[in-house]
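Take a look at the structure set out below.
Computed from a prediction, not measured in an experiment: that's the story for all the values here.
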Amino acid sequence: MDLKKEIKLRDLLPKRGQKDSADSPTPAPEEKPAKAKRAFSFARKPKAPGEHAEENGEKKQKKQKKQKLQKPKKAKKPAGAKTSARHKRLVGLKVGASQLAAARIVNNGSSELVQVARHRLDPGVIVAGELREPEALVEALKEFFKANKLPKQAVRLGIASNRIGVRTFDIGDITDPKQLENAIRFRAQETLPIPLEEAVLDYQILGDTVDEEGVITHRVLLVVAYRDLVDRYVAACKKAGIKLVGIDLEAFALLRALGDRPADAGNAAIVVVSVGSERSTLAVSNGEFCEFTRIIEWGGQNLNVVIARAMDVTPPEAEPVKLSLSLLEPAEAMQGVDPEHAAKVRTAVHEELQLFARELVSSLQFYQGQPGSLGIGEVVLTGGTAQLPGLDEELGRLLGVRVRMGDPLARVTIGKKVDAGL
């Protein structure tokens, strides 16, 4: 996975002095031709002939006074003297349906994970990736950052929603950067399901090709998100005193962490699936950039529901049973569950996993229906629900491809004070 191909939703954060602007420019309204010359001007009026000499004299006096008040310059440090280098520190923040999670990274030549923190989030605050209770999230963020002594500066937020889309397309025969930008935005407007003014977008040129006639074709990766979706998260973080320096799509973060193609995979696509509490994020890469992503409405809560039905209990009461479940052991080995209920639980879980596998197959078939798509060599699993023992083997059997557990910490150095088991 080429880290240089990373793309972020840079234009989701306002610049200084602007209420709603972006790092990557938003489409400007069409300028209307001027009907008549204005009768006023903001230019300074010409000064009278004697004013120039008087003003120059005053400036000279002020300059002399300033020079007298200036402190003497410090002597330069000799070559080889030690200087205090400022390390680049970032906090990655994820707001999920059931918890807040943060990872603090120090980049000093290589990335080092120096802190990991988690905090349970009340149900209903985040639903289907949408922020429903902004004030509740604000209070939760304040408590989370304070309790874990997390810095509120330089925080990057990861979000995932089906209201965020990824597109790749080609634009040719444009060399002027401004014209290329306008062409990309025009192309985006053609493909968007919503008006451009209701969306925020970012793009990156993935590469250029030149044909025999010298015509340049640009490969463009476009990310589009609903503005109201993003604005809610940004406003909540701001109210909690958190300074966001970037917003990232969760699928891109997954591929950067787990998107290495195995040596024996050939030219197959890289598929990463993060199985969360309520939803799962699917990301597909060709080894250089994200080609396809989708949010599947399936997560650990689905298992809680079917286990609860099998045992005639509530879903919260079924949570401990799910956590003690192993697909590698026979049903009789389940602790604290009588054999009759254990058999029902195992059957219900297998049937529910079949539904999840069908959703994965449907999404991958949709990806492979696109021009230039690759074959599927393997699927890499991550996320809280993916920790269920034997889930990788069961999904591999249902999907018909190799499924393995991924290590999201493989590309970072683990700090001495960090519990990697978190």
All heavy atoms of Gln179 vs all of Asp176, minimum pair found to be N-OD2, 3.0 Å
Test your reading of the model: is there a side-chain donor-acceptor pair from Gln115 to the backbone of Asn148, 3.5 Å cut-off?
yes
inquiry  = Go through it in stages, so that I can follow the logic: the residues are Glu329 and Met334, the test is side chain to side chain contact (heavy atoms under 4.5 Å, CB included), and I'd like the CA-CA distance, side-chain angles, deciding distance and then a yes or no.
reply    = CA-CA 8 Å; Glu329 299 176 355; Met334 293 180 62; over 6 Å; no
Hits for side chain to side chain contact (heavy atoms under 4.5 Å, CB included) against Pro151, two or more places apart or cross-chain, chain-then-number order -> Val91, Arg104
Problem - Carboxylate-amine/guanidinium proximity below 4.0 Å for Glu197 and Arg227 - result: no
Taken in chain and number order and not counting sequence neighbours, the residues that satisfy side chain to side chain donor-acceptor pair (under 3.5 Å) with Glu393 are none
Flag the pair Thr217 / Asp211 as yes when at least one side-chain heavy-atom distance between them is below 4.5 Å, and no otherwise. no
Margin query: If you apply the rule side chain to side chain contact (heavy atoms under 4.5 Å, CB included), what do you find for Leu150 with Leu93, and how did you get there?
Written below: CA-CA 11 Å; Leu150 288 165; Leu93 172 65; over 6 Å; no
For Arg358, the side chain to side chain donor-acceptor pair (under 3.5 Å) test, sequence neighbours excluded, returns none
Heavy atoms of Gly299 and Thr385 approach each other most closely as C-OG1, 4.4 Å
Sorted by chain and number, sequence neighbours left out, side chain to side chain contact (heavy atoms under 4.5 Å, CB included) with Glu139 holds for Lys142
Check your understanding: If only atom types and distance count, is the side chain of Arg89 paired as donor or acceptor with the main-chain N or O of Gln153 below 3.5 Å?
Key -> no
Hits for side chain to side chain donor-acceptor pair (under 3.5 Å) against Lys146, two or more places apart or cross-chain, chain-then-number order -> none
dist Ile171:CD1 -> Phe186:CZ (nearest 0.5 Å) comes out at 10.5 Å
Please tabulate, for the side chains in residues 364-373, all donor-acceptor contacts under 3.5 angstrom to protein atoms that are two or more places apart in sequence or on a different chain.
{"unit_1": "Tyr367", "atom_1": "OH", "unit_2": "Glu291", "atom_2": "OE1", "d": "2.8"}
{"unit_1": "Tyr367", "atom_1": "OH", "unit_2": "Leu374", "atom_2": "N", "d": "2.9"}
{"unit_1": "Gln368", "atom_1": "NE2", "unit_2": "Leu374", "atom_2": "O", "d": "3.1"}
{"unit_1": "Ser373", "atom_1": "OG", "unit_2": "Gln368", "atom_2": "O", "d": "3.0"}
{"unit_1": "Ser373", "atom_1": "OG", "unit_2": "Gln370", "atom_2": "O", "d": "3.1"}

Applying side chain to side chain contact (heavy atoms under 4.5 Å, CB included) to Ala160 and not counting sequence neighbours gives Glu250, Arg279, Thr281, Ile295
Rounded to the nearest 0.5 angstrom, the CG-CD distance for Leu255 and Glu288 is 12.5 Å
* Are the side chain of Lys152 and the backbone of Ala240 linked by a donor-acceptor contact shorter than 3.5 Å? -> yes
| said: I'd like to know whether CZ of Arg309 has more than 12 heavy-atom contacts from other residues, nucleotides or ligands below 6.0 angstrom. | reply: no
Residues passing the salt bridge (Lys or Arg N to Asp or Glu O under 4.0 Å) test with Asp407, sequence neighbours excluded, are none
Closest non-hydrogen contact found for Ala136 with Val125 is CB-CG2, 3.9 Å
> Below 4.5 Å, heavy atoms only, C-beta onward: do Val234 and Ile247 meet side chain to side chain?
Replying inline: yes
So do the side chains of Leu353 and Leu327 get within less than 4.5 Å of each other, counting heavy atoms only?
yes
Sorted by chain and number, sequence neighbours left out, salt bridge (Lys or Arg N to Asp or Glu O under 4.0 Å) with Lys238 holds for none
CG of Leu282 to CZ of Arg294, rounded to nearest 0.5 Å, is 8.0 Å
dist Ser326:OG -> Leu388:CG (nearest 0.5 Å) comes out at 7.0 Å
message: Counting C-beta onward and ignoring hydrogens, is there a side-chain heavy-atom pair between Phe252 and Thr293 closer than 4.5 Å?
response: no
Quiz item: Is there a side-chain contact between Arg156 and Val245, using heavy atoms and a 4.5 Å cut-off?
Solution: yes
With sequence neighbours left out, the residues meeting side chain to side chain donor-acceptor pair (under 3.5 Å) with Thr314 are Glu317
Check your understanding: Does any non-hydrogen side-chain atom of Val306 lie less than 4.5 Å from one of Glu351?
Key -> no
Check: Hey, does Phe145 have a side-chain heavy atom less than 4.5 Å from the side chain of Val155?
Finding: yes
Applied to residues 157-169, the salt bridge (Lys or Arg N to Asp or Glu O under 4.0 Å) test, sequence neighbours excluded, yields Glu130-Arg163, Arg163-Asp228
Shortest non-hydrogen pair, Ser110 vs Thr413, comes out as OG-OG1, 4.4 Å
Separation between CD (Glu133) and CD1 (Ile126), nearest 0.5 Å, reads 9.5 Å
key: Heavy-atom side-chain proximity of Ser280 to Phe356 below 4.5 angstrom   = yes
For Val230 and Ala225 the tightest heavy-atom approach is CG2-CB, 3.9 Å
The side chain to side chain contact (heavy atoms under 4.5 Å, CB included) partners of Arg397 (sequence neighbours excluded) come to Glu394
**Atom NZ of Lys322: over 12 foreign heavy atoms under 6.0 Å** = yes
Residues Leu137 and Ala236: closest non-hydrogen pair is CD2-CB, 4.0 Å
**Report entry** Criterion side chain to side chain contact (heavy atoms under 4.5 Å, CB included) on Arg404 and Val380, from CA distance to verdict
**Finding:** CA-CA 5 Å; Arg404 65 176 175 88; Val380 182; 3.6 Å; yes
Q. Would you say the side-chain atoms of Asn286 pair up with the backbone N or O of Phe289, donor to acceptor, closer than 3.5 Å?
A. yes
dist Leu157:CG -> Cys237:SG (nearest 0.5 Å) comes out at 5.0 Å
ask   = Under the side chain to side chain contact (heavy atoms under 4.5 Å, CB included) criterion, do Glu297 and Asn162 qualify, and how do the steps go?
value = CA-CA 10 Å; Glu297 300 298 330; Asn162 273 328; 3.8 Å; yes
Checklist entry - Under 3.5 Å, side chain of Ser111 to main-chain N/O of Asn107, donor-acceptor pair present? => result no
